[in-house]
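I have placed the structure first, in the form of structure tokens, so that the comments after it can refer back to it.
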Amino acid sequence: MQMEENLKKKAPLAQRMRPQKLEDFVGQGHLLGSGKYLNRLVLSNHLPSLLFYGPPGVGKTTLAQLLAKESGHAFVDLSAVTSHVKELREVIDQALERLKMESRQTVLFLDEIHRFNKGQQDVLLPFVEKGEILLIGATTENPYFHINKALLSRMQVLELKALRDEDLDLLIDRALEDRERGYGHLRVQLDPEARALLIRLVNGDARSLYNALEIAVLSSSKDDQGQIILDKEAIGNSLQSKQFRYDRDGNAHYDTISAFIKSLRGSDPDAALYYLAKMIESGEQAEFIARRLIIFASEDIGNADPQALALGVACFKALQIIGMPEGRIPLAQTTTYMAAAPKSNRSYVAINQALSDVRKGLGERIPLYLRDKHQPLEEGETSYKYPHNYEGAYVAQRYFPLDMEEKTYYQPSDRGHEKIIGAYLKGLKD
């Protein structure tokens with residue numbers, strides 16, 4: 001008993017400040033509160049298997065513990081990072097025994113459930129389906145990419161969101177005022193500017209907030225009045241870099257690359273550089289970014305600046321030669337060039353229209369004079385006119401198949417080099 005009390009006192013601030021009751025939980029107002037989904041579950045005494053999906057430090061573990069406690073269920077937590085099938089089966093066997101002997105259900109909280117492979121997830125299926133265990137999984141990754149569909153269909157997916165500034169503000173007050181679990185006994189004064197900096201740096205992550213506050217308090221000395229004054233410098237030195245969310249296989253990955261491409265398309269090199277920096281800092285594969293730049297060069301710049309495609313390919317090759325972190329330099333050069341380049345998607349639109357006609361079955365009869373030389377011309381057939389034998393290396397003749405109308409797929413824009421191309425093609429027809 002004494003050992004447990006000592007552990008509580010020495011536990012990290014984030015652990016000590018965990019709420020003991022569901023009504024003390026901070027954040028997730030879309031799920032908690034009078035009439036909201038999770039409160040209704042508790043009132044109905046019916047807890048289904050759940051999957052909490054959201055960024056770190058928003059209370060996934062705490063919420064699972066509180067739901068089990070409020071519902072009167074046993075609670076067992078495992079981490080998919082360190083656990084294996086043998087340990088999982090032992091927990092399931094204990095849960096079945098508890099259900100048989102005590103008529104008490106067990107909530108199995110499985111943190112980072114996305115780390116379990118398909119076989120490990122399949123072990124859970126029959127027990128979740130029968131309700132013999134109540135599974136609450138937690139993941140920072142998009143579950144629709146990482147969780148088996150069979151298991152996912154047996155769980156309610158609930159998205160937890162980053163804590164709002166007012167939520168973090170409340171958590172700070174609790175930590176500084178609580179005399180037993182927090183620092184209410186130390187007379188800590190947090191400057192308004194330092195408070196604002198702390199809230200901004202942790203980016204909705206309560207655990208990061210508590211960790212930074214703990215370091216700041218324990219590493220600061222008392223002044224002559226016995227107070228601990230925390231200013232911006234103390235907070236900044238206790239949390240060196242801003243925490244930001246980026247799951248390379250989930251929403252942040254897709255959202256960031258989408259914003260990057262749209263910033264390029266919108267000719268905003270500064271915004272594009274920001275998203276490039278975010279991807280680099282998050283460990284995104286540099287080759288992935290370069291491949292998207294190559295696609296963008298043809299899809300959105302096209303013949304308005306043909307050099308963009310060459311630069312994109314050169315960037316990809318440069319990354320293979322020099323690697324990172326130096327690779328950020330050609331990535332930045334290519335990004336700013338493409339953002340500032342004239343834009344045209346006319347080639348992209350043209351190939352899609354042509355593909356549509358081909359898929360409709362149009363154009364089966366290629367003129368004989370365009371076919372391979374092993375096909376002799378029949379009597380009366382027109383011979384192929386070799387353009388280089390004519391002035392300007394151009395001569396009018398039909399190139400489209402005979403069983404479809406001649407069409408204009410490619411319509412050059414009036415931007416960049418494509419303006420020159422458009423004038424040339426128009427001159428041929430005049």
Side-chain angles (χ1 to χ4, degrees), residues 1-29 31-33 38-39 42 52 54-77 79 107 109 111 136 138 160 162-192 194-199 201-223 225-231 234-235 237-239 243:
M1 192 69 179
Q2 184 63 38
M3 179 178 170
E4 289 183 7
E5 288 299 317
N6 289 335
L7 285 174
K8 285 182 181 179
K9 292 178 180 178
K10 295 181 180 298
L13 179 65
Q15 178 67 27
R16 301 199 307 269
M17 292 303 299
R18 285 185 187 274
Q20 303 301 306
K21 297 179 293 183
L22 195 60
E23 55 262 38
D24 293 334
F25 190 90
V26 176
Q28 314 311 322
L31 298 174
L32 286 166
L38 290 179
N39 289 75
V42 173
F52 294 155
V58 297
K60 294 185 287 292
T61 303
T62 300
L63 193 53
Q65 291 174 335
L66 293 176
L67 287 173
K69 182 178 179 181
E70 297 278 348
S71 303
H73 301 314
F75 182 82
V76 179
D77 64 313
S79 171
V107 170
F109 177 73
D111 197 16
I136 299 183
L160 275 63
L163 298 185
R164 302 169 302 170
D165 289 356
E166 50 265 42
D167 297 328
L168 298 172
D169 204 39
L170 176 58
L171 293 180
I172 292 173
D173 287 340
R174 286 186 180 180
L176 297 182
E177 294 170 5
D178 193 309
R179 299 182 63 85
E180 294 184 6
R181 298 182 297 159
Y183 297 121
H185 60 291
L186 291 180
R187 298 177 61 200
V188 177
Q189 295 295 323
L190 182 64
D191 286 351
R195 179 186 287 259
L197 177 64
L198 176 59
I199 290 173
L201 287 178
V202 300
N203 201 22
D205 185 332
R207 188 182 299 108
S208 293
L209 180 138
Y210 281 135
N211 290 343
L213 189 61
E214 184 171 34
I215 292 171
V217 170
L218 297 181
S219 62
S220 299
S221 302
K222 295 179 180 179
D223 62 11
Q225 284 74 43
Q227 292 184 321
I228 296 176
I229 306 298
L230 300 182
D231 56 16
I235 293 299
N237 289 333
S238 300
L239 184 64
Q243 306 294 307

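Throughout, numbering of the chain's residues begins at 1 and tracks the sequence.
Cation-pi geometry between R16 and Y183 is satisfied (NZ or CZ under 6.0 Å from the ring centre, within 45° of the ring normal).
In this structure, A175 and L13 approach most closely via the heavy-atom pair CB-CD2, 4.4 Å. Listed here is the closest heavy atom pair of A206 and L171: CB-CD1, 3.6 Å. Of all non-hydrogen atoms in L230 and A194, the two that sit nearest each other are O-CB, 3.6 Å. V217 approaches I228 most closely through the heavy-atom pair O-CD1, 4.0 Å. For I235 against A216, the heavy-atom pair with the smallest separation is CD1-CB, 4.1 Å. Considering every non-hydrogen atom in both A68 and A74, the closest pair reads CB-O, 4.4 Å.
A distance-only check finds no donor-acceptor pair linking the side chain of R179 to the backbone of L186 [under 3.5 Å]. With hydrogens and angles ignored, the 3.5 Å screen pairs no side-chain donor or acceptor of Q28 with any backbone N or O of L160. In terms of modelled atom types and a separation under 3.5 Å, the side chain of N39 and the main chain of G33 share a donor-acceptor contact. Without hydrogens or angle criteria, Q225 side chain to D223 main chain gives no donor-acceptor distance under 3.5 Å. K69 places no side-chain N or O within donor-acceptor distance of the main-chain N or O of L22, the cut-off being under 3.5 Å. For the pair D167 (side chain) and R164 (backbone), a donor-acceptor distance under 3.5 Å is present.
Atom OG of S220 is separated from atom CD1 of I229 by 9.5 Å, given to the nearest 0.5 angstrom. In this structure, CG on L32 lies 10.5 Å from CD on E23, to the nearest 0.5 angstrom. Between Q189 atom CD and D231 atom CG the span is 12.5 Å, to the nearest 0.5 Å. Considering CG of D205 and OH of Y210, their distance stands at 11.5 Å, rounded to 0.5 Å. How far CZ of F52 is from OG1 of T62: 10.5 Å, rounded to the nearest 0.5 Å. Rounding to the nearest 0.5 Å gives a distance of 11.5 Å between CD of E214 and CG of L209.
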For this session: Check the pair I172 / I199 against side-chain contact (heavy atoms from CB on, under 4.5 Å), numbers first and verdict last.
Result: CA-CA 9 Å; I172 292 173; I199 290 173; 3.9 Å; yes

Exercise. After noting the C-alpha distance and the side-chain angles of D77 and D111, does the key distance pass the side-chain contact (heavy atoms from CB on, under 4.5 Å) rule?
Worked result: CA-CA 7 Å; D77 64 313; D111 197 16; over 6 Å; no

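Within the 4.5 Å cutoff, side-chain heavy atoms of L213 are placed close to those of L176. Counting only heavy atoms from C-beta outward, the side chains of L38 and L63 approach each other to under 4.5 Å. Within the 4.5 Å cutoff, the side chain of D24 has heavy atoms near those of the R174 side chain. Within the 4.5 Å cutoff, the side chain of V107 has no heavy atoms near those of the L67 side chain.
For the pair D173 and R195, the salt-bridge criterion is met [side-chain N within less than 4.0 Å of a carboxylate O].
The environment of R181 atom CZ is dense: over 12 non-hydrogen atoms of other residues, nucleotides or ligands sit within 6.0 angstrom. Within a 6.0 Å radius of CD in E180, other residues, nucleotides and ligands contribute 12 heavy atoms or fewer.
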